[in-house]
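Structure first, then comments.
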Amino acid sequence: MSDLEPLLSPETLGRLERLELVTRKIFRGQLKGERRSRRKGQSVEFADYRNYVSGDDLRFIDWNLYARLDKLFLRLYQEEEDLHFFALLDSSPSMMFGQPTKFRFAQKMAAALGYIGLCRSDRIKVEVLSDQNLPPAAALRGKGNLWKLLRQLELLPTTNHTSLEAGVKKFCVRNPGKGIVVLLSDLLDKQGYQNAIRALVARQYDVYVIQIFSPEELEPELVGDLQLIDCEDGDRADISVSPRLLERYKATLQAFVGDIRQFCSRRGIVHMTCSTAQDIDQLVASYLRSRGLVR
Amino acid sequence: MTLDAISLGSFALGAVTLGGPWGWLGWAVLACVPVLIFLLYFLKLRRSRLEVPSTFLWKRSIEDLQVNSLWQRLRSTLLLWLQLAIAILLLLSMLPIGCQSDQRVGQRHIFLLDTSASMAAREGESTRFELAKQQIDAQLSQLREIDLAMLMTSDDQAQIRQAYTSDSALLRRKLQDVTVRPRLTKFDDALIAATALANPSHVRDAGDQLTSEQVANELQKNRATLHMYSDGGFPPIKDTDLGELVVNFVPTGGANSNNLAITTFNAQWNEKNRGSIDLFARIENFSEAPVPIDVELRRNGEIIDVVRREAVEPRAALSLDFQDTLPAQQDSVTEYQLKIVGSDDLLLDDTAHSVVNPGRRPQVMLVTSGNPGLEAVLSTTLIAEGLELLVQSPEFLETDAYQAMVDQPLFDLVVFDRVSPKKLPMANTMSWGAAPSSDWQLTPLTPPVFVLFGNNTHPLTLNLNLDTLAFLKASGVKGPPATVDLLTANDGVLIAVGPRVGFQDLVLGFTLTDEENGVRFPVTDWPGRISFPVFMFKTLEYLGRLGQKEIASSVRPGQVLRFRLESEETELKVVSPGGKEARVNKLTDGGFVFSGTDELGIYRVIGKDEKHVRSFAVSLSDRRESDLAVKSQTMVGDSAVTATTESKIQGDSKSWRYLLLLALGVLCLEWIVYNRRILM
């Protein structure tokens, strides 16, 4: 384990236990879970009545109503099932910037969301984007596997250079099922983010994109004549920092984020931006809740 | 630069003139300095390297900026701009660039400096001339680069020392070369030149006419100012139209001056005593207080007289006369010097000179077959010592030597005794008993011949009693028009003198002796009378210039001197009072001309074998130059120009150049510090 700050503090764990992951799509869980399904099922929670038709299970007839109304009504109960939750982390070198690093922030975010899922007996899987054929990560279920989740997160491999599109496609190949995919990345891929997101949408995942920036990226504090070197491909850019250039950079950043948000919203994807300076508790409890990822 | 261009105060449009001491190559090298700074700025720009997550956003940010990234860099590099601005300003401050334009914003100044003798007057520890130079120098140092200035000097000659220029350094150098000269003051030429240069319409070509409106605009924009630095010791300047020229008369000199001056010093023959010289002098006191006078008169360097007076009243004159006797046959130059002993403000007028040059021994030829009477009178001591006599027989008239006399003025007087030449020589002639040329006719007179009257007004027969002369035979003389009868007999004229081109011919209608049958007998009793040698002496004096000494009148400095020498020398040497030697050559008319009379004193003319043949004196002797009172007003044309205490031009402080140099120093320091920081 690293000497870094723990991914989840006990206080955080306590607050996360009250939340649950939300999906806007109807997935058929493989196992019985604690999640109420939109489908009617056999849980203990009453959902509705309907008229009895021939062939219905007689055990769900409400005999009290029959006695009062002399008509047969069938009691319907809320179905409860488990949910597949995938936390997909970008581990490219660009994610290693910031204090804490964007990758560490993504780890914390994945841990928090994963713990919410574990508490709801959802099927939790944590993976990193890689264009290599990594073995599929083990799916975790139940609160008891929290330590496994944290260990998986701490041991996630980093890659030198990762194409967002290639990493997502490899992920899709490794995980054919359906569920919620939370993509934790900065999306700073010069080849573009569009194909990667399209690949996720094509697999009918309920996709959430959490774009992570460091404060230095949002409010760069650069001065002088600089030669900027891209940590991924070594590309260089000579700049002479001026207020006008900084304004231009911020405008470009806003435009970049706006383009992604527009791209995602057209495809029913929730896009969120985070700063590594933000508090995870606050972020999950308020920000993600307002965006509908948890409740 | 043409005069026309000067008058317009502009240069040719589009013609940028680069001057100064370096030329095109030097300026080209200087022009590279800003470029070098520009390049070095980017060479020294060492960017700090910084690793970032991605250059993606940055590249997109500067994507549009990179289209004109150079401009963006320049825009943000204030230091570079400052460096370039400093360097360019420094270059511009050194460049004498002028552009021709219709816009004339500069001023025109003409500085006129008086270099006459009065400017050499002492003023404290300096002189008026040096004070005036200092004033002009101070004015020139304030000259703006858009202004044009000209330097003129004037004494009795006007000189343009430097035409219109904006180069004040050049003007100041030219000013330092100017020296005062012992000359009179005459500003007419200088004012005319200044007026012509100041008024554009005066120097326009006839084919380049301006409209009246253009002339008005031209004049309004080009009003030139003449700064006249003088003590005002010059006569009113007439016949000068100043036009648009503005005159600032800056008087140079103090109010009180102490000066005694010799304003006149002349020598002339004493009318009664031919061997005596009368010398006249006039000494004036131009001071404001009575001054004692102590005067020395020197002849050839030796004091021969001294005059002392207790006091001469202010603005009063003292007349002095001296008398000196010269040896009758002295054959040398006599130089007189009159000197005021003591010191005053102007030394140039404290000494005056006069010169008596030796008389020339006349060349006389007697052509005769034998005439004892003539030969006897020509051989008397008084006459023989004063002339060079050459006796020839009548056959001489047929020789080439005589032909040379016809072509050149080799003799002063040729006496023909009973012979007639085919052609008269270039000399005065005296003919006895024969017509010298076809212009003359001799008609034998019928005896008895007795004299009726003589001409008592002509120098040849003045005060001579010839009425009682007796003649055995004689001829009547009739000459060309304008012939003067000297002795008239009962039947005709016996002696007459008539003009010939440049010469005179004296014809006597008789001879002293005649010969008949081999026996010589006297024709007249004249040789036995006292009047005969007197007449011959007068003839030799009048026609042969016997015993004439020349008193050379003193000339003013700068005046051209013309003189003649009867010798055959074609080249002479003139030694100035300061010892400078000059060669003068004989002109075609037989005279010599010397123009280098710039110094005061005695000029000696040296002939062949270093013989001192004559001298001439140059003296200031001018009341106006000696009167050192500074004038407060002078007349130029019809307008009075009042003196101003100082003439100020709109100055141009050059201190910003020093600031620029300071800025350049800071620039260099910045470079040193920066590079040390980088290297360390």
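In this text, all values refer to a predicted model and were calculated from it rather than measured experimentally. Values reported hereafter were calculated over all heavy atoms of this structure, with side chains retained and with hydrogens, waters and symmetry mates removed. Lettering follows sequence order; numbering is per chain, from 1.
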A:Lys250, part contacting chain B, at a heavy-atom distance under 4.5 Å: neither
Region of A:Glu217 that comes under 4.5 Å of a non-hydrogen atom in chain B: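 For A:Glu217, the contact with chain B is made by the side chain alone.
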Close side-chain approach of A:Lys190 to B:Ser54, heavy-atom, < 4.5 Å: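 Touching, per the 4.5 Å side-chain cut-off.
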Side-chain touch B:Phe56/A:Leu187, heavy atoms, less than 4.5 angstrom: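 Not in contact.
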A:Arg267: partners by side-chain hydrogen bond (donor to acceptor under 3.5 Å, both in side chains), with sequence neighbours left out: none
Residues of residues 272-280 of chain A near chain B, each having a heavy atom less than 4.5 Å away: none
Rounded distance [0.5 Å steps], [atom1] in [X] versus [atom2] in [Y]:
{"X": "B:Leu50", "Y": "A:Arg236", "atom1": "CG", "atom2": "CZ", "value": "12.0 Å"}
{"X": "A:Glu232", "Y": "B:Glu51", "atom1": "CD", "atom2": "CD", "value": "10.0 Å"}
{"X": "B:Thr55", "Y": "A:Ile239", "atom1": "OG1", "atom2": "CD1", "value": "10.5 Å"}

Top contributor to chain B interface from A:Leu188, A:Asp235, A:Asp186 [non-hydrogen pairs under 4.5 Å]: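 Greatest number of close heavy-atom pairs with chain B: A:Asp235.
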Shortest non-hydrogen separation from A:Ser94 to B:Pro53 and the atoms involved: CB-O, 3.5 Å
Could you go through residues 252-263 of chain A and list every donor-acceptor pair under 3.5 Å that involves a side-chain atom there, pairing it with any protein atom two or more places apart or in another chain?
from     : atom 1 : to       : atom 2 : distance (Å)
A:Thr252 : OG1    : A:Arg248 : O      : 2.7
A:Thr252 : OG1    : B:Ser61  : OG     : 3.2
A:Arg261 : NE     : A:His271 : ND1    : 3.4

Carboxylate-amine/guanidinium contact B:Lys59 A:Asp230, below 4.0 Å: no
A:Phe97: partners by ring-ring contact (aromatic ring centres under 6.0 Å, His included), with sequence neighbours left out: none
Side chain to side chain contact (heavy atoms under 4.5 Å, CB included) evaluation trace for A:Ile229 with B:Val52: CA-CA 6 Å; A:Ile229 301 172; B:Val52 292; over 6 Å; no
